[in-house]
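Chain naming here is simple, since letters A, B, ... match the order of the sequence lines and numbering starts at 1 in each.
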Protein chains: 2
Amino acid sequence: MGKILKMPSATTAPQDVSREDAATFDVLRQMREDILCCVLKPDQRLRFGELRDRYDTSVGTLREALSHLVSEGLARTEAGRGFSVAPISLADFLDLSELRVYLETRTLADAIRHGTDAWEAEIVGSHFLLAKLNAPRQDDPVAIKREWGKRHKRFHDALVATCTSPWSLHFRSELFDQARRYHWLTMIHARSRRRNEHLELRDAVLARDVDLACGLIEKHIRTTVAQAASEVPGLTMTAPKRKKA
Amino acid sequence: MGKILKMPSATTAPQDVSREDAATFDVLRQMREDILCCVLKPDQRLRFGELRDRYDTSVGTLREALSHLVSEGLARTEAGRGFSVAPISLADFLDLSELRVYLETRTLADAIRHGTDAWEAEIVGSHFLLAKLNAPRQDDPVAIKREWGKRHKRFHDALVATCTSPWSLHFRSELFDQARRYHWLTMIHARSRRRNEHLELRDAVLARDVDLACGLIEKHIRTTVAQAASEVPGLTMTAPKRKKA
DNA sequence: GTTTCGAAAGTTTTCGAAGATTTGCTGCGG
DNA sequence: CCGCAGCAAATCTTCGAAAACTTTCGAAAC
């Protein structure tokens, strides 16, 4: 009891969800999602006891996943004091957004120049999925917000998919995830009164207009930063210190 | 027997080597160094049996360290097939160097603008240490090359130490390490007939000449790429495929 | 001669527990 | 009343072995 991991074996399809590291990778992805959606709150201590219950896995597996998250900047670890969720701050958001502007425009420009038919198709498709769920409100259920976040990421990934620089794509992806944490807070606390920026972006990209597209995505990023900075409470103050002032 | 990890406990200084995760972090650092210096060769399979002997630690600890290395792009892992050292290629070197030019100039420019006395002191000091070991040759012992690599990194870290963008510094550091792998090969195969680029760089930075310093570091990077591309054998061919052609 | 199947060997992956460290609490002394 | 030493509880860290998977090798069938 307690663990029913293995299916009857013969009945599972050969190309099931088996891709990637299965258990460890699964836990990693779940934890990352939970941090990005602030289910695990910034600065929250991550005790193995609770984590073991929540993700139903062993300490070793958790440790491996946490190790990954530390490298990605989503968690911290110190000496013999265990792990905790990485803190957030306005300064951090400003800093990462600044770099994002460069990486997003760089990768987007390159992707447009190397765009293919399949690339255009995925952009159209992912935008369609995103548009169907447009603008989640404060009072929407969490499941909706999560789904929107997923589709939002898929759309933006599609835009730069044909970029020829793996390293640029890698860092862009990491920063995009980092930004998702702040976007989540914005979705919760602020009213999203943005217009169809994604539609404009899609059309500019499909028209292969590098300058226009890069300008739009830059504005897209900066607008989000400004909105978060002005409307999200608790972002301007630093992480809660426990000892003294 | 087998393991004598713990000191008599009371005699060890409170601020000994205790900083950071001790065991895990130690193994991580050792493995990273070994990959950077190509002791663990590109594409080499990393079997736990051998790793256990080499680093004298358990599977769990190794797995945690490897997890880190995967995030840093120094190792790969696939499904249930274990870990291997990340491959190298000329295309990869060109790609990461291109990004490096941006990140090094960006961080350097910012660091110069925010430079302090302590920053200048560390630059002077680390350059002195580097100059004392200048230009390791092909036939120098490995220990010398390792030490040079260490001092080289320390000098370049010192240059950008006062940069105010943590994310830029983080990515710059990762790419610098990546580049170290290729520098190592260059040290082994090619004759380093470069002149005092580090000295010029130091003086330009201390003179707070942003444009000159950024130009120098850009040339520094591009020259190394060109040298490696033309003189290092085996870099132009892709990783050895095992199955068929 | 080639292919397919199955068993054995080699590796990886996962787990639970023992060892070590930190944290929290209690009581004594200043 | 505050501070500190010492003990107890909680927590993290490390380890070795069992379970699951992949690969290899050899024999039988085509």
**Prompt:** Rounded to the nearest 0.5 Å, how far does OG1 of B:Thr107 lie from NE2 of B:His156?
**Reply:**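 OG1 of B:Thr107 is found 11.0 Å from NE2 of B:His156.
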Between [N] atom [atom2] and [X] atom [atom1], what is the distance in whole Å?
X	N	atom1	atom2	answer
B:Leu51	D:dG16	CG	P	15 Å
B:Phe25	C:dT21	CZ	P	19 Å
B:Glu50	C:dT12	CD	C1'	14 Å
A:Glu78	C:dT21	CD	C1'	14 Å
B:Glu64	D:dC12	CD	C1'	11 Å
A:Leu46	D:dC12	CG	P	9 Å
B:Phe48	C:dT12	CZ	P	6 Å

What contact category does [X] fall into here, base, sugar-phosphate, or nothing, at under 4.0 angstrom with non-hydrogen atoms?
X	result
B:Gly60	nothing
A:Leu66	nothing
B:Leu62	nothing

Of the nucleotides [options], which has the atom closest to the [X] side chain?
X	options	value
A:Ser58	C:dC15, C:dT22, D:dT14	C:dC15
B:Arg63	C:dG16, C:dT14, D:dT23	C:dT14
B:Arg47	D:dC12, D:dT14, C:dT12	C:dT12
A:Ala23	C:dT14, C:dG16, D:dT14	C:dT14

TODO: Taking the six-membered ring of B:Phe176 (Phe, Tyr or Trp), confirm whether the NZ or CZ of B:Arg172 is under 6.0 Å from its centre and within 45° of its axis.
DONE: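 Verdict for B:Phe176: a cation-pi partner in B:Arg172.
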Are OP1 or OP2 of [N] and a side-chain N or O of [X] less than 4.0 angstrom apart?
X	N	result
A:Thr24	C:dT14	yes
B:Arg52	D:dC15	no
A:Arg45	D:dT11	no
B:Thr61	D:dC15	yes
B:Arg81	C:dT12	no

Requested in this report: For B:His68 and A:Ser71, work out which heavy atoms get closest and say how close.
Outcome: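 Minimum heavy-atom separation between B:His68 and A:Ser71: ND1-OG, 2.6 Å.
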**Distance-only side-chain donor-acceptor flag, B:Arg106 / B:Ser168, under 3.5 Å** =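 The answer is yes; a qualifying pair exists.
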**Prompt:** Mind checking whether B:Tyr182 and B:Leu96 have side chains closer than 4.5 Å, heavy atoms only?
**Reply:**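 Side chain of B:Tyr182 against side chain of B:Leu96, heavy atoms only: contact under 4.5 Å found.
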